[in-house]
Amino acid sequence: MSRYNFREVEETWQRNWDDRASFKVGEDSDRPKYYVLEMFPYPSGRIHMGHVRNYTMGDVVARYKRAKGFNVIHPMGWDAFGLPAENAAIERKIHPAEWTYENIATMRGQLQSMGLSLDWDREIATCHPGYYVHQQRMFVDFLEAGLAYRGESVVNWDPVDGTVLANEQVIDGKGWRSGAPVEQKKLSQWFFRITAYSQELLDALATLDRWPDKVRMMQTNWIGRSEGARIYFEIENRDDRLEVYTTRPDTLYGASFCALSPNHPLAAELARNNTDLAAFIEECARMGTSEAVIEAAEKKGFDTGLKIRHPFIDGKTLPLYVANFVLMEYGAGAIFGCPAHDQRDLDFARKYGLDVVPVVLPANADAATFTVGDEAYTGDGTAINSGFMDGMSVDEAKAAAIARLEEMKAGKGTVEFRLRDWGISRQRYWGCPIPVIHCEACGAVPVPKDDLPVLLPDDITFDAPGNPLERHPSWKDAPCPSCGKPARRDTDTMDTFVDSSWYFARFCSPRADVPVDRAAVDYWLPVDQYIGGVEHAILHLLYSRFFVRAMKACGYLSIDEPFAGLFTQGMVCHETYRDEGGNWLYPDEIEKTGDAAAKHRDTGKPVTIGRSESMSKSKRNTVDPEEIIKSYGADTARWFMLSDSPPERDLEWTDAGVDGAWRYLNRIYRLIDEQKDGLNPPGAAQPDQFDEAAIELRRATHQAIEGVTYDLEDFGFNRAVAKIRALTNAVGNAVSTFGSDLSAPGRAWALREALETAVRLMNPMVPHLAESLWETLGHDVALTEMNWPVADAALLQQDIVTIAVQVNGKLRGTLDLPRGVEKDEAEKAALALPAVTRATDGKTLRKVIVVPDRVINVVV
RNA sequence: GCGGGCGUGGCGGAACUGGUAGACGCAACGGACUUAAAAUCCGUUUCCCUUCGGGGAGUGCAGGUUCGAGCCCUGCCGCCCGCACCA
């Protein structure tokens with residue numbers, strides 16, 4: 001008897017697939033295509049369990065679809081630009097490129113050891129000039145199409161590191177690395193005009209029916225469409241007008257003040273002659289934008305002394321404040337306040353003693369007595385105190401107010417979005433250079449496409465803070481492409497989210513000398529199944545949706561949406577451990593001494609076991625996939641990843657769970673090893689007779705095919721695993737029923753069918769073992785070339801069905817009856833059951849419900 | 001605050017459109033094999049009562065609809081996630 005040698009099996013089959021180029025694909029019009037993609041990794045150094053889970057799921061889908069006859073493309077690459085490479089450069093004096101490519105080499109090897117069915121010929125790295133040259137081309141195209149532009153915006157600026165920070169990199173108002181208080185700074189940057197597609201990005205969400213509702217909801221909220229009105233208020237003693245945005249023009253009669261954002265140009269203008277106002281604005285800027293600050297912040301305002309004329313009420317004026325809660329980025333950067341019907345306005349009004357005039361009367365309230373106390377009334381109702389709008393519903397009043405404003409040329413109805421254009425400039429070295437040259441005479445001039453790529457210089461230093469490209473002695477000097485005079489390169493690089501916004505398209509023609517080969521993208525796109533973490537629900541997934549629209553506008557492709565199907569997987573979690581001093585400990589530093597107790601492996605000191613949390617280096621609750629693969633094999637890791645937890649939910653990594661997976665794989669290995677010699681040869685003709693035991697096994701086999709197929713179509717990997725295990729149990733039972741006698745009609749055949757089926761069903765999940773067992777069963781065609789098994793419908797139904805018998809809905813017994821038995825007959829049998837007669841004794845039979853082949857309910 | 005999701009044994013989780021709740025595993029316990037251990041195999045395992053025939057309760061809580069509810073409806077409670085001064 002042989003033992004399952006996973007090391008040898010996994011190496012053999014990985015080499016075999018490689019030698020036979022099993023996963024290399026090209027366009028093939030004869031077969032339906034299927035594009036499976038997992039979010040590509042950042043080459044941080046080593047793969048982690050989250051990668052293992054993600055890529056295992058993708059591989060199951062890829063191998064399953066392949067067996068179903070699809071021409072499956074399943075590529076892999078590297079999201080290789082980004083900050084950590086620069087940090088490594090600073091900390092370890094290693095060039096970002098070197099660090100990145102070394103990491104890629106390590107991680108490629110690790111992924112290969114997982115046995116993924118990837119077409120490695122399509123591998124790309126976004127930091128490679130062969131990739132980013134095309135990104136620079138498209139940038140120029142976008143520029144020409146008006147989809148990229150240069151603009152000013154307020155950014156998070158870290159004065160110590162000398163760079164812009166993303167919002168995520170600002171923690172409690174301080175730079176995450178330098179710890180310096182972040183400043184709000186106005187900078188000229190490049191933008192992608194994602195807002196040109198606001199409505200379209202919103203509308204098209206409805207077509208993404210294979211996306212999680214949650215993600216669509218999040219994008220809907222992020223895009224943030226609202227309908228309302230722009231109002232142009234006249235300002236007393238000034239020529240210009242004040243523009244505000246509101247969603248409640250119906251409450252205009254209840255207005256008691258107007259307020260500007262501290263960043264509003266008018267506020268800045270007024271501050272020039274008013275030091276108190278200047279100080280107030282300064283204070284607002286310092287306050288920062290972190291949530292905690294906003295939560296606690298008091299509504300504060302500064303009365304500018306200016307008076308705003310009410311458009312509908314002759315002679316009425318409203319005071320104009322600068323208020324800390326008004327955002328420059330939304331609407332017009334200015335508001336009118338109606339305290340009775342907006343909580344924030346109410347707080348503000350109470351603080352500054354402003355009028356609170358109710359103008360919407362709730363349905364069951366009395367106009368004579370209705371007042372607003374501490375809570376603003378934001379609901380529906382009837383307009384009151386509102387002149388021409390009195391008596392209208394909120395919706396009618398909105399329309400009427402807009403109509404009147406438009407008539408007076410004092411405003412108009414508008415649709416507003418929360419979505420902002422995408423600022424892509426980063427003051428970083430390790431990113432795609434922005435292909436623009438700034439000329440004093442000609443302005444910002446794109447680098448001609450023939451001169452691309454603009455390559456990153458290799459000879460850079462990280463010995464001072466700030467952008468190495470800016471400090472480079474000569475790189476930024478370049479002649480103006482337009483007039484030829486000395487000019488200056490843009491020293492910013494693109495946000496790395498740009499890189500990941502189109503990589504899925506590049507995979508279709510990874511070596512093309514244009515961004516994408518038209519025939520290839522027309523064949524392969526869109527991605528049929530995309531798999532990744534929910535943390536990308538907005539940024540990456542929204543940017544990519546924008547990018548394909550922009551690419552379409554520039555004639556590169558013709559799809560509307562990049563990802564037809566999306567699956568967001570849960571995280572991998574693990575218990576946490578701390579020593580007496582509160583320091584985090586790695587799982588391999590501790591030893592369990594009981595159910596909820598542990599000690600330090602070396603010191604023997606007690607260890608506190610904390611709750612299970614997402615694996616992270618900072619909490620040291622990580623398990624290295626490479627160690628697991630080395631000691632148990634990739635298949636065990638894969639099988640465990642797919643068992644137990646539904647893929648969209650978090651998975652708890654436990655040693656016991658891994659052992660369980662390991663035990664099962666050994667069990668099926670042993671089972672086949674023990675039975676293989678007694679089986680008939682592969683491909684033997686189906687006998688025409690089966691005894692009862694053989695039929696029972698065949699039923700289990702075909703139910704497993706049916707169930708596993710259904711589950712795999714539906715991302716029910718945990719259920720599929722359970723059904724394969726159930727089939728294995730059924731084989732085990734059959735083997736003991738059969739004993740050593742396989743001569744009864746059909747037994748040997750049914751046993752082979754069951755074992756072969758189990759192997760084929762588990763192939764997408766544990767491909768090395770499955771291939772090996774398939775070979776053991778006497779086949780010389782690899783499973784990668786085999787079709788998916790098909791269930792025999794005749795075997796899915798049982799001839800004898802077990803029917804539940806209830807009395808008043810309570811289970812009293814069961815009946816085994818032939819399928820399709822007459823209702824009367826079933827009813828008679830049910831009423832004759834001792835448990836039923838006992839329960840109905842002395843009571844009047846009211847009625848009997850018979851659900852054919854399912855349940856009989858006796859009502860008394 | 002707004003939006004969304006989820007509550008099922010000791011644990012992870014099954015349960016097709018309302019029809020035998022607890023599949024499949026983990027852990028635990030008992031047994032077989034063994035000098036012993038590991039490995040493996042067999043069995044038990046929702047809870048309570050039991051005269052061992054059974055009986056009762058049970059899917060967060062309280063109601064409702066239905067012959068029948070884990071699933072549908074109403075109201076609570078708890079947990080998780082996202083957004084957050086969005087006018």
Side-chain angles (χ1 to χ4, degrees), chain A residues 3 212-222 224-226 228-229 244-248 251 258-259 261 289 291 293-295 297-299 323-327 329-338 341-345 347-348 416-419 534-535 537-538 595 612 640 643-646 648-652 654-661 663-664 666-667 670 706-707 710 714 716 718-729 732 736 802-815 834-835 838 846-860:
Chain A
R3 259 184 73 82
D213 290 342
K214 180 184 174 172
V215 174
R216 291 195 286 177
M217 189 81 61
M218 282 164 73
Q219 292 212 355
T220 302
N221 293 338
W222 187 262
R225 184 184 194 274
S226 73
V244 309
Y245 175 69
T246 181
T247 55
R248 296 295 302 273
T251 64
C258 285
S261 162
T289 50
E291 293 123 65
V293 172
I294 288 166
E295 186 76 28
E298 213 180 333
K299 310 278 170 274
N324 63 349
F325 61 88
V326 181
L327 303 174
E329 305 84 63
Y330 187 76
I335 60 161
F336 82 78
C338 175
H341 305 291
D342 182 286
Q343 191 59 45
R344 205 184 30 209
D345 295 348
D347 295 345
F348 192 82
E416 212 68 29
F417 293 91
R418 214 186 69 122
L419 184 66
V534 75
E535 65 273 18
I538 292 174
D595 250 5
S612 181
F640 173 62
S643 310
D644 298 344
S645 289
E648 69 277 11
R649 251 185 260 181
D650 287 353
L651 171 130
E652 163 96 7
T654 60
D655 292 346
V658 180
D659 284 338
R663 274 201 301 273
Y664 172 73
N666 278 279
R667 186 170 161 228
R670 235 180 294 115
E706 177 79 358
Y710 177 85
D714 197 36
N718 57 320
R719 300 194 304 264
V721 164
K723 282 166 191 160
I724 293 169
R725 295 184 87 131
L727 173 59
T728 311
N729 292 345
S736 55
T802 303
I803 296 172
V805 181
Q806 305 172 332
V807 175
N808 290 339
K810 193 181 279 283
L811 184 72
R812 292 293 166 182
T814 59
L815 282 174
R838 213 168 27 233
R846 301 247 306 273
K847 62 174 154 176
V848 180
I849 311 268
V850 181
V851 182
D853 298 336
R854 271 232 136 100
V855 74
I856 296 166
N857 192 9
V858 180
V859 186
V860 289

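Computation of the quantities below employed the complete heavy-atom set of this structure, encompassing side-chain atoms and omitting hydrogens, waters and symmetry-equivalent molecules. Numbers restart at 1 for each chain; the letters A, B, ... are given by sequence-line order, proteins then strands.
Taking atom CZ on A/Arg854 and atom C1' on B/G18, their separation rounds to 10 Å, with Å as the unit. If you measure from atom CD1 of A/Ile538 to atom C1' of B/G82, you get 7 Å, rounded to the nearest angstrom. A straight line from CD1 of A/Ile724 to C1' of B/A23 spans 15 Å, rounded to a whole angstrom. Atoms CG (A/Asp650) and P (B/C79) sit 18 Å apart, rounded to a whole Å. In this entry the distance linking CG of A/Leu327 with P of B/C85 reads 6 Å, nearest Å. At whole-Å resolution of the value, CG in A/Asp347 and P in B/G1 are 14 Å apart. Between A/Leu419 atom CG and B/C83 atom P there is a gap of 15 Å when expressed in whole angstrom units. One can place CD of A/Gln343 at 21 Å from P of B/A84, the figure rounded to the nearest angstrom.
A/Arg725 comes within contact range of the sugar-phosphate backbone alone, with a heavy-atom separation under 4.0 Å but no base atom that close. A/Arg846 comes within 4.0 angstrom of nothing in the nucleic acid, heavy atoms only. Among the protein residues, A/Arg344 comes within range of the nucleic acid bases, having at least one heavy atom under 4.0 Å from a base atom. Residue contacts shown for A/Val721 are absent, as no nucleic acid heavy atom lies under 4.0 Å away. At a threshold of 4.0 angstrom between heavy atoms, the contacts of A/Arg225 with the nucleic acid are absent. A/Ser643 comes within 4.0 angstrom of nothing in the nucleic acid, heavy atoms only. Residue contacts for A/Gln806: at a heavy-atom cut-off of 4.0 Å it reaches a base atom on one of the strands shown. Using a 4.0 Å heavy-atom cutoff across all strands shown, A/Lys810 reaches sugar-phosphate atoms only and no base atom. Among the atoms of the strands shown, only primed sugar atoms or phosphate atoms (P, OP1, OP2) are found under 4.0 Å from some heavy atom of A/Asn729. Using a 4.0 Å heavy-atom criterion, one finds that A/Thr654 contacts no nucleic acid atom at all. Within the 4.0 angstrom heavy-atom criterion, only backbone atoms of the sugar-phosphate kind lie near A/Arg838; the bases stay farther away. Across all strands shown, A/Val859 has heavy atoms under 4.0 Å from sugar-phosphate atoms exclusively, and none from any base. Here A/Asp644 lies in heavy-atom contact (under 4.0 Å) with a base.
To the nearest 0.5 Å, the span separating OG1 on A/Thr654 from CZ on A/Phe640 amounts to 4.5 Å.
Relative to the side chain of A/Met217, the nucleotides B/A87, B/G3, B/A84 differ in distance, and B/G3 lies closest. Listed nucleotides B/C24, B/C67, B/U20 differ in distance to A/Ala726; the shortest reach to its side chain belongs to B/C24. Nearest nucleotide to the A/Tyr330 side chain, out of B/C86, B/C81, B/G19: B/C86. Counting only heavy atoms from C-beta on, A/Ala656 has its side chain closest to B/A27 among B/C85, B/A87, B/A27. The listed nucleotides are B/C41, B/U20, B/G82; the one nearest the side chain of A/Thr814 is B/U20. For A/Phe325, the listed nucleotide lying nearest its side chain is B/C85; candidates were B/U40, B/C86, B/C85. Each of B/C24, B/G13, B/G19 was ranked by its minimum atom distance to the side chain of A/Asn857; first place goes to B/G19. Nearest to the side-chain atoms of A/Arg418 among the listed nucleotides B/A87, B/C83, B/G19 stands B/C83. In the set B/C86, B/G55, B/C67, the nucleotide with an atom closest to the side chain of A/Arg812 is B/G55.
The base of B/C24 lies outside donor-acceptor range of the side chain of A/Lys723, with no N or O pair under 3.5 Å.
With a cut-off of 3.5 Å on both Watson-Crick or G-U wobble distances, the partner of B/C61 is given as B/G75. In this structure, B/U40 forms a base pair with B/A32, meeting either the Watson-Crick or the G-U wobble geometry with both donor-acceptor distances under 3.5 Å. When both distances must be under 3.5 Å, the Watson-Crick or G-U wobble mate of B/U20 does not exist. Nucleotide B/C2 forms a pair with B/G82, judged by Watson-Crick or G-U wobble geometry with both contacts under 3.5 Å.
Closest non-hydrogen pair, A/Val860 versus A/Asn808, comes out as N-OD1, 3.0 Å. Residues A/Leu811 and A/Ala804 share a closest heavy-atom pair of CD1-CB, 3.8 Å. For the pair A/Tyr330 and A/Phe417, the tightest heavy-atom approach, listed with the atom from each and the gap, is CE1-O, 3.9 Å. A/Val850 and A/Ile856 get closest at one heavy-atom pair: CG1-CG1, 4.1 Å. In terms of heavy atoms, A/Arg719 sits closest to A/Tyr710 at NH2-CE2, 4.5 Å.
The phosphate of B/C2 (OP1 or OP2) has no side-chain N or O of A/Asn221 nearer than 4.0 angstrom. Phosphate proximity of B/G12 to A/Arg719: absent, as no side-chain N or O sits under 4.0 Å from OP1 or OP2. The side chain of A/Arg649 places no N or O atom within less than 4.0 Å of a non-bridging phosphate oxygen (OP1 or OP2) of B/C80.
Between the P atoms of B/G22 and B/U59, the separation comes to 14 Å (whole Å). Nucleotides B/G75 and B/C81, compared at atom C1', are 24 Å apart to the nearest Å. To the nearest whole angstrom, the two P atoms, one in B/U50 and one in B/A69, are 29 Å apart. For the P atoms, the distance from B/C61 to B/G7 is 13 Å, rounded to whole Å. Here, B/A32 and B/U20 have their P atoms 39 Å apart, quoted to the whole Å. When the P atom is compared between B/G1 and B/C24, the two are found 45 Å apart, to the nearest whole Å. To the nearest whole angstrom, the two P atoms, one in B/A37 and one in B/G30, are 13 Å apart. With P as the reference atom, B/C72 and B/A14 are 16 Å apart, rounded to whole Å.
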Does the pair A/Tyr664 and A/Ser643 meet the rule for a side-chain hydrogen bond (donor to acceptor under 3.5 Å, both in side chains), with working shown?
CA-CA 11 Å; A/Tyr664 172 73; A/Ser643 310; over 6 Å; no

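Summary of the strand contacts: A/Arg248 and A/Gly657 both lie near RNA chain B, and taking for each the nucleotide with the nearest heavy atom, the more 5' one is attributed to A/Gly657. Taking for each of A/Ser226 and A/Val855 the nucleotide of RNA chain B with the nearest heavy atom, the 5'-most of the two is the partner of A/Val855.
The closest side-chain heavy-atom distance from A/Ile849 to A/Lys847 is below 4.5 Å. Between A/Thr251 and A/Asp342, the closest side-chain pair of non-hydrogen atoms is not below 4.5 Å.
Using a cutoff of 4.0 Å between basic side-chain nitrogens and carboxylate oxygens, A/Asp347 and A/Arg344 are not scored as salt-bridged.
B/G70: glycosidic angle beyond 90° from 0, hence anti. Shown here, B/G9 is classed syn by the O4'-C1'-N9-C4 or O4'-C1'-N1-C2 angle, which is within 90° of 0.
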